[in-house]
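Single-structure report; data block below.
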Amino acid sequence: ASIYHGVHRVVRPDGVVTWCSVKASPVFRSNAFDGHVGTIEDITVQKVTAQRLVLATSAAQIGIWELDILYDKLIWDNSMFAIYGICHDQFSGAYEAWKSAVHPSDILEQEQELRLALHGIRDYNRTFRIRRPDGSVRFIRATGRVEKNGDGQPVRMVGTNLDVTE
């Protein structure tokens, strides 16, 4: 018995478009299927907000990244790939993949600044150089904030990159 979860675009009778998150589980009685039980949640505000954020960051060429500290998983939006000059399939999604792009002269300072942010000393807010696969060097303005769990341990860092090369 599998649980269904989907997001659906719904056009109301008055023509207004809404977005709904639907979750449903099958119900069995006496080992026979008897229907579904579930929830429908209006997520229109979240969906529209997400669409606006993508539009704004894309127009401004701002990349958004997220680092899952516990699993060493780095997630990039499409603008990050454009900034770094790589395709999705060229990116492993690990912290080391980002580190390998940072200019060798800047990596020690960047790692120190990241440690300070992870220890809650200050937010990550730096400018550094990257070397793209085509050999070009770009200047990146990066910001990031650490999120902690209930025990005060860092679990996630979310931030932005902006190419500020002149």
Side-chain angles (χ1 to χ4, degrees), residues 1-98 101 113-114 116-127 130 138 140-164:
S2 63
I3 297 173
Y4 172 79
H5 180 237
V7 174
H8 300 276
R9 181 179 179 267
V10 178
V11 180
R12 296 187 332 206
D14 62 2
V16 174
V17 174
T18 61
W19 289 89
C20 296
S21 171
V22 179
K23 296 177 184 174
S25 298
V27 175
F28 294 91
R29 293 178 203 248
S30 302
N31 293 329
F33 175 72
D34 192 39
H36 288 93
V37 63
T39 61
I40 299 174
E41 179 183 8
D42 183 344
I43 60 167
T44 304
V45 171
Q46 296 94 320
K47 187 78 169 174
V48 169
T49 300
Q51 290 170 338
R52 288 178 178 166
L53 179 62
V54 168
L55 178 64
T57 57
S58 177
Q61 298 177 335
I62 297 171
I64 298 177
W65 55 270
E66 175 182 337
L67 175 62
D68 182 325
I69 296 164
L70 301 176
Y71 295 100
D72 185 36
K73 182 72 176 164
L74 187 57
I75 301 164
W76 282 4
D77 72 350
N78 289 336
S79 293
M80 287 291 293
F81 290 101
I83 290 168
Y84 282 74
I86 63 173
C87 300
H88 292 265
D89 60 356
Q90 295 173 298
F91 182 68
S92 71
Y95 170 79
E96 290 298 321
W98 168 78
E113 290 298 321
L114 284 169
L116 292 172
L118 291 172
H119 287 97
I121 296 169
R122 63 175 167 241
D123 286 340
Y124 182 65
N125 192 348
R126 307 299 299 166
T127 300
I130 61 167
R138 311 298 294 176
I140 305 301
R141 180 74 177 158
T143 62
R145 292 224 170 128
V146 175
E147 294 179 10
K148 298 180 178 183
N149 64 16
D151 297 327
Q153 297 300 311
V155 293
R156 180 174 175 249
M157 191 170 183
V158 178
T160 62
N161 274 196
L162 177 63
D163 185 341
V164 293

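The structure displayed is predicted, hence computed values, not measured ones.
- Summarising the geometry, atom CD belonging to Glu66 is positioned 12.0 Å from atom CE belonging to Met80; distances are rounded to the nearest 0.5 Å.
- Shown here for Ile140 and Asp163, the closest heavy-atom pair between the two residues is CD1-CA, 4.0 Å.
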Working for side chain to side chain contact (heavy atoms under 4.5 Å, CB included), residues Val17 and Arg9: CA-CA 7 Å; Val17 174; Arg9 181 179 179 267; 3.6 Å; yes
Report the C-alpha distance between Leu53 and Ile64 in whole Å, list the side-chain angles of each, state the deciding distance to 0.1 Å, and finish with yes or no for side chain to side chain contact (heavy atoms under 4.5 Å, CB included). CA-CA 10 Å; Leu53 179 62; Ile64 298 177; 4.3 Å; yes
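- With no hydrogens or angles considered, no side-chain donor-acceptor pair links Asn149 and Arg156 at under 3.5 Å.
- Here Asp72 contributes atom CG and Glu96 contributes atom CD; the two are 7.0 Å apart, rounded to the nearest 0.5 Å.
- When all heavy atoms of Met157 and Ala117 are compared, the pair lying nearest together is CE-CB, 3.8 Å.
- Within 6.0 Å of CD in Gln90 there are more than 12 heavy atoms belonging to other residues, nucleotides or ligands.
- Between Asn161 atom CG and Trp76 atom CH2 the span is 7.5 Å, to the nearest 0.5 Å.
- A side-chain donor-acceptor contact under 3.5 Å links Thr143 and Thr160.
- Annotation: the span from Thr18 atom OG1 to Ile43 atom CD1 amounts to 9.5 Å, rounded to 0.5 Å.
- Taking every heavy atom of both residues into account, Val155 and Lys148 meet most closely at CG2-C, 4.2 Å.
- Relative orientation of the Phe33 and His36 rings is perpendicular, given thresholds of 30° and 60° on the angle between their planes.
- Results of the side-chain contact (heavy atoms from CB on, under 4.5 Å) test with Arg52 over Val48, Leu55, Thr49 single out Val48 as the only residue that passes.
- Atom CD1 of Ile69 sits about 4.5 Å away from atom CG of Leu118, to the nearest 0.5 Å.
- When all heavy atoms of Val10 and Cys20 are compared, the pair lying nearest together is CG2-SG, 4.1 Å.
- Side-chain contact between Glu113 and Asn125: absent, with no pair of heavy atoms (C-beta onward) separated by less than 4.5 Å.
- In this structure, Leu162 and Ala60 approach most closely via the heavy-atom pair CD1-O, 3.8 Å.
- Note that CD1 of Ile130 is 8.0 Å distant from CZ of Arg138, once rounded to the nearest 0.5 Å.
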Would you check, one step at a time, whether the test side chain to side chain contact (heavy atoms under 4.5 Å, CB included) holds for Trp65 with Trp98? CA-CA 11 Å; Trp65 55 270; Trp98 168 78; over 6 Å; no
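- Heavy-atom minimum distance, Val37 versus Val27: CG1-CG2, 3.7 Å.
- For Lys23, the NZ atom sits in a loose shell: 12 or fewer heavy atoms of surrounding residues, nucleotides or ligands are nearer than 6.0 Å.
- At most 12 heavy atoms of other shown residues, nucleotides or ligands fall within 6.0 angstrom of atom CG in Asn31.
- Atom CG of Leu70 has more than 12 neighbouring heavy atoms from other residues, nucleotides or ligands inside a 6.0 Å radius.
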Evaluate the criterion side chain to side chain contact (heavy atoms under 4.5 Å, CB included) for residue pair Leu74 and Phe91; output intermediate values, then yes/no. CA-CA 9 Å; Leu74 187 57; Phe91 182 68; 3.8 Å; yes
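- Classification of the His88-Phe81 ring pair by plane angle, with boundaries at 30° and 60°, yields tilted.
- No donor-acceptor pair closer than 3.5 Å links the side chain of Asp151 to the backbone N or O of Gln153.
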